[in-house]
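Below is one structure, written out as structure tokens; comments come after it.
For clarity, every value in this text was computed on a predicted model and none was experimentally measured. When a ligand or atom number is given, it counts from 1 through the structure's own listing order.
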Amino acid sequence: MTSKPRVRFAPSPTGYLHVGGARTALYNWLFARHLGGVFVLRIEDTDLDRSEARHEAALIEDLQWLGLEWDEGPGVEGPHAPYRQSERLGIYREHTERLLREGQAYRCFCTGEQLEAERASAAADHRPQVYSGRCRGIAEPESARRAEAGEAFAVRLKIPDHPLRFHDLVRGEVEFPNETVSDPILVRSSGMPVYNYVVTVDDALMEITHVIRGDDHISNTPKQVAIYEAFGWKLPEFAHLSTILGSDREKLSKRHGATAVASFREMGILPEALVNYLALLGWGAEGGTREIFSLEELTREFRLERVTASPAVFDWEKLHWLSRHYLKQAEPARVEELAWPHFAGAGLLPVLETAGPDVKAWFAKLLALFLPAVSQLDELPKKAGFIFGFDVGAARANEENAAVLATESAQKVLSAFAAKVGAQDGTVTPEQFKAWMNEVKAETGAKGKGLFHPVRIALTGSHSGPEFDKLIPIVEEGSRLTLPVHVASVRERVERFFAE
Ligand code: GLU
């Protein structure tokens, strides 16, 4: 390749950035970065009824969160500005005039009813529902006169009478017979140009060399090819990425759970985990089964030739596996800051800005203990909830707990343990706790689960959980802090358990 490749991500700000769009953005970004090319962000907001500034702002925030910065586009501008289609209407108008002048396009005066009747009769005869081309034959002076007289018209492209071909880097040579493509509308009678038209004009003027996008656009591509041909422009390379499916092999949608990038952020999945996961949705590195890739490694390894044409299935288990990997790897201070709002939101911690250093230091220990147990940060308040308190009645009533507590041996263990706790003031250390358990073991003859499970239920409400060595200091230290919810000490826990 002689000149630098130029690619673009061209979202319509009509909703949130979802998994499919984010993967398209990522593949474009990786392709550009791998080859030292240019990544353009273009906002396709010609659908004025559905485009909203808040969606554009959210899209930008999501792309920035993923780390996919653009070289040209809103905020950075560049040689082909403006990068918002609503600000390029004059450019499209000039190009429409050129096509009309050169006889590549024509004014179509057909009314909605006429077109509807055509469609109905084609359907009745089982013919393809392509526009008849009725207005193609109107001579230019006549057409200009009617337009001048104020008659409403759309502008249509003359589809050439040869098959429309393009090269797709994922699918190979693609050909559409021209008979299946209506003379497409370029500009509606309202004066608004349509997607297929503006996308082509912009891709050409912005010197896009590779159009990488979802395969939901593949049926648009022949129309776009015809537009390139009408202007005499060189075709770019195309790469249509396969559809993303849910676990039931239906097109991924909200039914399958979260699909918006913002939802993953809110759940507490790190951007590097999502980026790594999205990269694997339809691409794999050369000759390997490797699955963990940083953005830098992806940039080095990414090749469009290794993108598969078969649909990718969204796999939560794999995303969670990657998420756990990256949460474990991340700087603790970063994870603390991200995890904090989940606890503050649950009313367990004060807002971060008002928390003292002692609370922060305590939370760091708590987090280190519970982080390995979660796949996303929003699971933490529930996992660690018992530290802040638990319902003794419910813990006693829980079937498995009740079976443990009902034995005579458990009763003995608990009273022996309670006697030790009651006999001594001051903070309980892990060493002290261990010594007590050894004494209780000697006094009651209980051991293993029979010894530990009743005590664990009394202190935590559950017979399983983190090691006591780590748990005891967190409970004891927490009990001395001022928090929205009082953390009961070991002593307070034992008292409460017996009181209820
Ligand atoms: N604006 C289109 C969309 O959001 C993308 C068009 C394209 O990539 O060609 O689906």
- Query: Mind checking whether Trp316 and His320 have ring centres under 6.0 Å apart?
  - Reply: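 They qualify: ring centres under 6.0 Å apart.
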- Relative to Phe39, does Arg8 satisfy both conditions: NZ or CZ under 6.0 angstrom from the six-membered ring centre, and within 45 degrees of the ring's axis?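 Here Arg8 fails the 6.0 Å and 45° test against Phe39.
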- Message: Suppose we screen for ring pair (Phe, Tyr, Trp, His ring centres under 6.0 Å). Which residues come up paired with Phe370, at least two apart in sequence or across chains?
- Response: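 For Phe370, the residues satisfying ring pair (Phe, Tyr, Trp, His ring centres under 6.0 Å) (neighbours in sequence not counted) are Phe386.
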- Task: Just jot down the salt bridge (charged side-chain N to carboxylate O under 4.0 Å, His left out) partners of Glu237, sequence neighbours excluded, or say none.
- Result: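 Once residues adjacent in sequence are excluded, Glu237 has no partner under the salt bridge (charged side-chain N to carboxylate O under 4.0 Å, His left out) criterion.
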- Message: Can you work out which protein residues put a heavy atom within less than 4.0 Å of ligand 1?
- Response: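 Residues Arg8, Ala10, Pro11, Ser12, Glu44, Tyr195, Val199, Arg213, His217 each place a heavy atom under 4.0 Å from ligand 1, listed by chain and number.
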- Message: For a quick check under 3.5 Å, do Tyr83 and Asp202 share a side-chain donor-acceptor pair by atom type?
- Response: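 Side chains of Tyr83 and Asp202: no pair found under 3.5 Å.
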- Task: Would you list the pairs meeting salt bridge (Lys or Arg N to Asp or Glu O under 4.0 Å) in which at least one residue belongs to residues 25-38, sequence neighbours left out?
- Result: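 As it turns out, the salt bridge (Lys or Arg N to Asp or Glu O under 4.0 Å) pairs with a partner in residues 25-38, which skip direct neighbours, are Arg33-Glu69, Arg33-Asp71.
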